[in-house]
Amino acid sequence: MPELPDVEGFRQVLVSCAQGKVIRRVDVRDAGVLHGVSARRLREALEGRRFTEPERHGKWLLARTGGPTLLLHFGMTGRLLCARPGDAVEAHDRVLFGLGGDRQLRYRDQRKLQGLWLADDDSGVARLLDRQGPDALAVGREDFEAALSARRGHIKTALTDQSVLAGLGNLLADEILWRAGLHPRTRADGLSETERRHLYTHMRRTLRSAVTAGCVPPRDAWLTGHRDDPDPMCPRCGTHLRRSRLAGRGTVWCPRCQPEGT
DNA sequence: CTGTATGTTGGCGG
DNA sequence: GCCGCCAACATACA
């Protein structure tokens, strides 16, 4: 699930559930999601602190406390949710944060592909995020174009490479390329001035809608609404969609709207 | 059993 | 060094 729009939604959960609240109890149910920190050290670092305004960079969520920062990454199946302390704990609830105001923030994740990190200070945060390119929602047109021009590989690979641009995942990349009319194998540094501009514009529009929805919505008018159909058709022109493997992921595109070459 | 899944990393060969 | 591809990580589901 989690790409930039989902993580932005989790940031909102953190704001409404936990911002300003004291962390009374950190309950690590599965230490397998902790990276570079023990359950005990996590508890000692966070209990008694208060969550302040959280930030997001790409697919990373930064839960600030005024002291150490908790960094969360959701992999493919992670979520953040707000519960009551008495609510039944589910099998995949890995860490529970008991808060003031009778709230409980939960990191739930089925597959444990990523997890939680703790940074003592800003330099610790910077170390953890040092491979991240500019955030896809915050990046300006010029930096976006410069990042792509520096890449000789396929455009889809560049868009989903977090060190080039942070936040886009497999669904968003396919969606944006479809809207921009670009074949996913187009060379990133081979885009015309116009194509680069369109790509940036469509990335912004797609991200804005998706952030509002809290996910890449599987709407009928979106490519994402059809990628899992047995015989998927392009919602714009009715052509049979193509499927293949690119950048290590299942890739869907419309051969008519996104012609190869040129 | 096989293949797939919205993520990331590290290794291999070109 | 850059690039594409693949396995690995852990788990569920068709």
Side-chain angles (χ1 to χ4, degrees), chain A residues 1-11 29-36 56-61 71-80 90-95 107-117 127-133 135-137 146-178 183-190 203 206-207 209-211 213-219 222-232 241 243-253 260:
Chain A
M1 186 210 320
E3 300 183 60
L4 186 155
D6 310 270
V7 179
E8 184 57 28
F10 301 149
R11 196 181 74 80
R29 323 273 304 194
D30 184 344
V33 298
L34 302 185
H35 297 266
R56 182 192 54 72
H57 186 95
K59 300 173 189 172
W60 285 90
L61 181 59
L71 289 99
L72 304 93
H73 195 295
F74 300 91
M76 284 175 81
T77 50
R79 321 172 35 187
L80 196 65
E90 300 203 3
H92 302 124
D93 287 338
R94 311 294 184 180
V95 183
Y107 178 80
R108 180 178 295 174
D109 184 28
Q110 178 187 105
R111 286 172 65 184
K112 300 191 281 185
L113 288 172
Q114 299 294 322
L116 274 45
W117 284 253
R127 260 196 304 281
L128 285 167
L129 300 185
D130 73 338
R131 313 266 284 261
Q132 299 289 300
D135 182 78
L137 198 56
L148 293 187
S149 304
R151 290 251 138 190
R152 283 176 283 143
H154 301 147
I155 185 68
K156 171 153 180 183
T157 308
L159 289 180
T160 53
D161 184 333
Q162 304 300 297
S163 69
V164 174
L165 196 63
L168 306 187
N170 197 39
L171 297 190
L172 274 171
D174 281 3
E175 189 70 41
I176 292 164
L177 288 171
W178 173 70
H183 191 283
R185 275 186 212 276
T186 309
R187 272 184 58 153
D189 64 353
M203 177 180 76
T206 310
L207 278 175
S209 305
V211 165
C215 64
V216 189
R219 286 188 202 134
W222 289 46
L223 183 70
T224 307
H226 300 270
R227 59 183 303 138
D228 297 327
D229 295 353
D231 183 18
L241 296 174
R243 247 182 230 298
S244 149
R245 202 128 195 118
L246 216 169
R249 325 287 309 174
T251 300
V252 176
W253 75 96
E260 188 139 27

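Proteins come first, then strands; the chains are lettered A, B, ... in the order of their sequence lines, and each starts at number 1.
- Set against B:dG7, C:dA12, C:dC2, the side chain of A:Arg152 has C:dC2 as its closest nucleotide.
- Contact between the side-chain N/O atoms of A:Arg151 and the OP1/OP2 oxygens of C:dC2 is not found at any separation under 4.0 Å.
- One interatomic measurement links the two molecules: CD of A:Gln132 to P of B:dT8, which rounds to 7 Å at whole-angstrom precision.
- Judged by Watson-Crick or G-U wobble contacts below 3.5 Å, the nucleotide C:dA10 has no partner.
- Put simply, A:His154 has no side-chain N or O that comes within less than 4.0 Å of OP1 or OP2 on C:dC3.
- Separating the CZ atom of A:Arg249 from the P atom of B:dA5 is a distance of 7 Å, rounded to the nearest angstrom.
- Between A:Asp174 and A:Arg249 no salt bridge is recorded (no basic side-chain N to carboxylate O distance below 4.0 Å).
- Of the listed nucleotides (B:dA5, C:dC9, C:dC3), C:dC9 has the atom at the smallest distance from the side chain of A:Leu113.
- Applying the 3.5 Å distance criterion, the base of B:dA5 shares a donor-acceptor pair with the side chain of A:Arg111.
- Put simply, OH on A:Tyr107 is 14 Å from P on C:dA10, counting in whole angstrom units.
- Protein atom CZ of A:Arg245 is 18 Å distant from nucleotide atom C1' of C:dC3, rounded to whole Å.
- Under 4.0 angstrom from either OP1 or OP2 of B:dG7 there lies no side-chain N or O belonging to A:Lys112.
- Atom NZ of A:Lys156 and atom P of C:dC3 are 17 Å apart (whole Å).
- Distance from the side chain of A:His73 is smallest for B:dT8 among the nucleotides C:dG4, C:dT11, B:dT8.
- Put simply, A:His92 has no side-chain N or O that comes within less than 4.0 Å of OP1 or OP2 on C:dA10.
- A straight line from CZ of A:Phe10 to P of B:dG7 spans 12 Å, rounded to a whole angstrom.
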